[in-house]
Undergrad: 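One structure is given below, represented as structure tokens, and several questions about it will come after.
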Number of protein chains: 2
Amino acid sequence: MADSAVTRSTYNEIAELAQVSKATVSRVFNGDPRVHPDRVSAVMKAAKKIGYRPNRAAIALSTGRTGLIAVVIDDEISALSDPFWGMVTSGVSRVLMENNMQTLLMVAPLDDDDGAVSHYLDSNEVDGAIFAQVHKEGLVRKLAGKGLPVVVIGTPSAESRDIHFVDTNNVAGGFMGTNHLFKIGCKNIATITGDVEASAGLHRLRGYEQAHKENGVKVNKNLIAYGNYSYESAKILMLRLLASNPDIDGVFAANDVMALAAINAIEERGKRVPDDIAVVGFDDTMLSQASRPSLTTVKQDIPGLGAAAAESMMQLLSGQKPDSRILSTELIIRESA
Amino acid sequence: MADSAVTRSTYNEIAELAQVSKATVSRVFNGDPRVHPDRVSAVMKAAKKIGYRPNRAAIALSTGRTGLIAVVIDDEISALSDPFWGMVTSGVSRVLMENNMQTLLMVAPLDDDDGAVSHYLDSNEVDGAIFAQVHKEGLVRKLAGKGLPVVVIGTPSAESRDIHFVDTNNVAGGFMGTNHLFKIGCKNIATITGDVEASAGLHRLRGYEQAHKENGVKVNKNLIAYGNYSYESAKILMLRLLASNPDIDGVFAANDVMALAAINAIEERGKRVPDDIAVVGFDDTMLSQASRPSLTTVKQDIPGLGAAAAESMMQLLSGQKPDSRILSTELIIRESA
DNA sequence: CTGCCCCGTGAAACCGATTTCAACTTCTGT
DNA sequence: ACAGAAGTTGAAATCGGTTTCACGGGGCAG
């Protein structure tokens, strides 16, 4: 049973103290305009006197709403070690708190449509779910299909466009970064992609291709290296690129970490950045200012992405149908390109 | 009212299907050994058939336990942009999920003993709270005093030692890093501290001092610069140190980010790392491998810290009185020292 | 003056579980 | 064969709110 605390504060106590019924107490707290002002103040006073705190479990039981929004981070590669997701989450959390909701964090692999996360989410424990880093859309589709309000961070595949999402304009970002390399005179621009199974990686690659088209240059498939956002992957790929394509004079990396790895590999092979090879990253994390040479990079508003997702969620919960939002990017020019 | 879903699964439905009472259904799900095996299997079968999912709100209401543990991150400076806290949180989350509990993330300033976080936490919404990055202990003490199970990540001040905590052995870490600088021949070792208002920063400084004592060198107060873990603070401080103490030949920075800033400042002043000045960091984050020169640093087990906190919490919840845990550190030698 | 409606209110049902308590079987010992 | 113990079970109370529904009183039209 509950607690044996000294001050158990319930509607019953308030009702007794204020000489009204539980029903009236409930009406007062829910702002029912029909209650007589005198009772309202009596209830308020009584509530204050006994230090009333609502019991969320009871509210959840009777209303069916828990006040909880799940933030689900796909943990194939421990995602929270990348500051990106922490920052996204803090953006989500801030907006949810402003709306008097709480953030339930779930870091778990999403490959299983029927795993622990799935069970938890589809049994009304949360009022909605925000998904990050979605590789497989099965679970998301299933939950959205069951009527759970869902917002995805990133762009879902074409057949899931009925799902609400927010994303950075990664195509524009990829274009921006690559185009800058063209503008400063690069002729042979390689790219190290992110995980192209998810939208962000794929879209940045599309932007890279678009910049080629716009500059009248044909994409050389040998200059596309498929990475996964990790330092290690990028270092190996960059070394390989340098070996097979000695004339590379520019690199667009799909995040800052890989850009650093590329610089490291380039210098290891005795070339200089940006003099011999220019490098552009993506994200504008702390890394990009801290590295030497400092990194020219495509900046995205990371906490803003989380905040936008949370705002869309609030709209969904209030019955509106929010437009999916695409946040813009900005080129930050530093030393590396 | 609740949902209008097709499959509303409750004990009532199971009871009806299995021809038993709600009470028996409850006993089965709670592993009461007195129930006849035949009924157990009947209930199980019925539950499976209708795809039963327990309603946590109802459980919370009747048992008083919510299955939620709050992870509270003090957000004076948006903490989640530092990968450290994300990694800690993911460690917490993993252990909690293994124990069938959920992680409620609260990123908010903790300076107010009576703010939103306080209200939320002291009204039985969560079964316990894990605090990270605690500057002011007022709220923690208040909640612990009210009987909420509390675990602190970091070492509380002396008068709060009744609060359970887990921490990295920062004194040993500071010693390790500084001692390494002595061992490779440094004579004038500066340090850039973390936030010394919290235990981690202070303890690393203590370790720095201890290493001096052990090496028979008197600490020179002019070589201690008080930073706050940020790149910006460290860069400014390092430039200042170099200006006033030209004979510095070693730097122990209280985290990797500041170590990078120090290197940047040093090279900006025309000196080389490690030849002129050796630099040691702390954390062994991705930064330390990625930087050039790569960073010699004191490694701590960051997700392990979160996991340890969660394990302590589980013990507290089961009525045990866990020992506070101090995790050890390890020196990772790379290029910078 | 009567009938009707509206307003404000409280009693009671309800949300979905847990837990108490009493009752019913069945087994044991004598 | 019968009292008492042991083992199972279900009815009902409970947790703390929300919501329905019915009722009493005041105002207004007929």
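None of these values were measured; they are calculated from a predicted model. Just so we're on the same page: letters track the sequence lines, and every chain starts at 1.
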Undergrad: Between atom CG in B:Asp32 and atom P in D:dT9, what is the gap in whole Å?
TA: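 The distance from CG of B:Asp32 to P of D:dT9 comes to 10 Å, rounded to the nearest Å.
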Undergrad: Students often get this wrong, so: under 4.0 angstrom with heavy atoms, is A:Val20 touching a base, only sugar-phosphate, or nothing?
TA: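 Sugar-phosphate, backbone atoms only, no base.
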Undergrad: Expressed in angstrom and rounded to an integer, what is the separation of A:Glu13 atom CD from D:dG16 atom C1'?
TA: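 Computing the A:Glu13:CD to D:dG16:C1' distance gives 11 Å.
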Undergrad: Check whether any side-chain N or O of B:Ser26 sits under 4.0 Å from OP1 or OP2 of C:dT18, and answer yes or no.
TA: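 Affirmative; the distance criterion is met.
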Undergrad: C:dT18, OP1 or OP2 - any side-chain N/O from B:Ser62 closer than 4.0 Å?
TA: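 No, B:Ser62 has no side-chain N/O under 4.0 Å of OP1/OP2 on C:dT18.
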Undergrad: For the pair made of CG in A:Asn12 and P in D:dC15, what is the distance, rounded to whole Å?
TA: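 Spelled out: CG on A:Asn12 to P on D:dC15 is 9 Å.
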Undergrad: What is the separation between atom CD1 on B:Ile14 and atom P on D:dG10, rounded to the nearest whole Å?
TA: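 Between P of D:dG10 and CD1 of B:Ile14: 14 Å.
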Undergrad: In whole angstroms, how far is the P atom of C:dG16 from the CG atom of A:Asn55?
TA: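 In whole Å, C:dG16 P and A:Asn55 CG are 17 Å from each other.
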Undergrad: So what does B:Val25 touch, heavy atoms closer than 4.0 Å: a base, only the sugar-phosphate, or nothing?
TA: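 Result for B:Val25 = nothing.
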Undergrad: Does the B:Asp32 side chain pair with the main chain of B:Arg34, one donor and one acceptor, at a distance under 3.5 Å?
TA: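 Yes, B:Asp32 side chain to B:Arg34 backbone: donor-acceptor pair under 3.5 Å.
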Undergrad: Side-chain donor or acceptor of A:Lys22 under 3.5 Å from a matching atom on the base of D:dG17?
TA: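 Present.
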Undergrad: For A:Asn30, answer base if it contacts any base atom (sugar-phosphate contacts may also be present), sugar-phosphate if it contacts only those atoms, and nothing otherwise; contact means non-hydrogen atoms under 4.0 Å.
TA: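 The answer is sugar-phosphate, as A:Asn30 gets under 4.0 Å only of primed atoms, P, OP1 or OP2.
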Undergrad: Using whole Å, report how far CG of A:Leu61 lies from P of D:dT14.
TA: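 After rounding, the gap between these two atoms is 17 Å.
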Undergrad: Nearest to the B:His36 side chain among D:dT9, C:dT9, C:dG16, which nucleotide is it?
TA: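 Nucleotide nearest to B:His36's side chain: D:dT9.
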Undergrad: If you compare every side-chain N and O of B:Arg39 against the phosphate oxygens of D:dG7 (OP1, OP2), does one of them come in below 4.0 Å?
TA: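 So the side-chain polar atoms of B:Arg39 never come under 4.0 Å of the phosphate oxygens OP1 or OP2 of D:dG7.
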Undergrad: Counting only side-chain nitrogens and oxygens, does B:Thr24 get under 4.0 Å of the OP1 or OP2 atom of D:dG10?
TA: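 Yes, such a contact exists.
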Undergrad: DNA chain C: B:Ile59 or B:Arg34, which has the more 5' nearest nucleotide?
TA: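 Looking at DNA chain C, the more 5' nearest nucleotide goes with B:Ile59.
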Undergrad: Across the strands shown, which category fits A:Arg27 at heavy-atom distances under 4.0 angstrom: base, sugar-phosphate, nothing?
TA: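 Base contact.
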Undergrad: Is the ring centre of B:Tyr52 less than 6.0 Å from the ring centre of B:Tyr11?
TA: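 That pair passes the under 6.0 Å test.
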Undergrad: Whole Å only: how far is the CD atom of A:Glu125 from the P atom of C:dG16?
TA: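 Rounded to whole Å, this separation is 12 Å.
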Undergrad: For the side chain of B:Glu137 and the backbone of B:Ser157, is there at least one donor-acceptor N/O pair under 3.5 Å apart?
TA: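 Yes.
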Undergrad: Ignoring backbone atoms, test whether B:Tyr11 places a side-chain nitrogen or oxygen under 4.0 Å from the OP1 or OP2 oxygen of C:dC15.
TA: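 Negative; the distance criterion is not met.
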Undergrad: Please tell me which of A:Arg53 and B:Ala23 maps to the more 5' nucleotide of DNA chain D, matching each residue to the nucleotide holding its nearest heavy atom.
TA: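 Whichever sits nearer the 5' end wins; that is B:Ala23.
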Undergrad: To the nearest Å, give me how far apart CZ (B:Arg56) and C1' (C:dC15) are.
TA: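 From B:Arg56 CZ to C:dC15 C1': 18 Å.
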Undergrad: Counting distance only, does the side-chain N/O of A:Asn99 pair as donor-acceptor with the main-chain N or O of A:Met101 below 3.5 Å?
TA: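 It does not hold such a pair.
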Undergrad: Between the side chain of B:Asp127 and the main-chain N/O of B:Thr66, is any donor-acceptor distance below 3.5 Å?
TA: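 Flag set: sc B:Asp127 to bb B:Thr66 pair under 3.5 Å.
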Undergrad: Any donor and acceptor pair, going by atom type alone, linking the side chain of B:Thr63 with main-chain N or O of B:Ile59 inside 3.5 Å?
TA: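 Checked: pair present.
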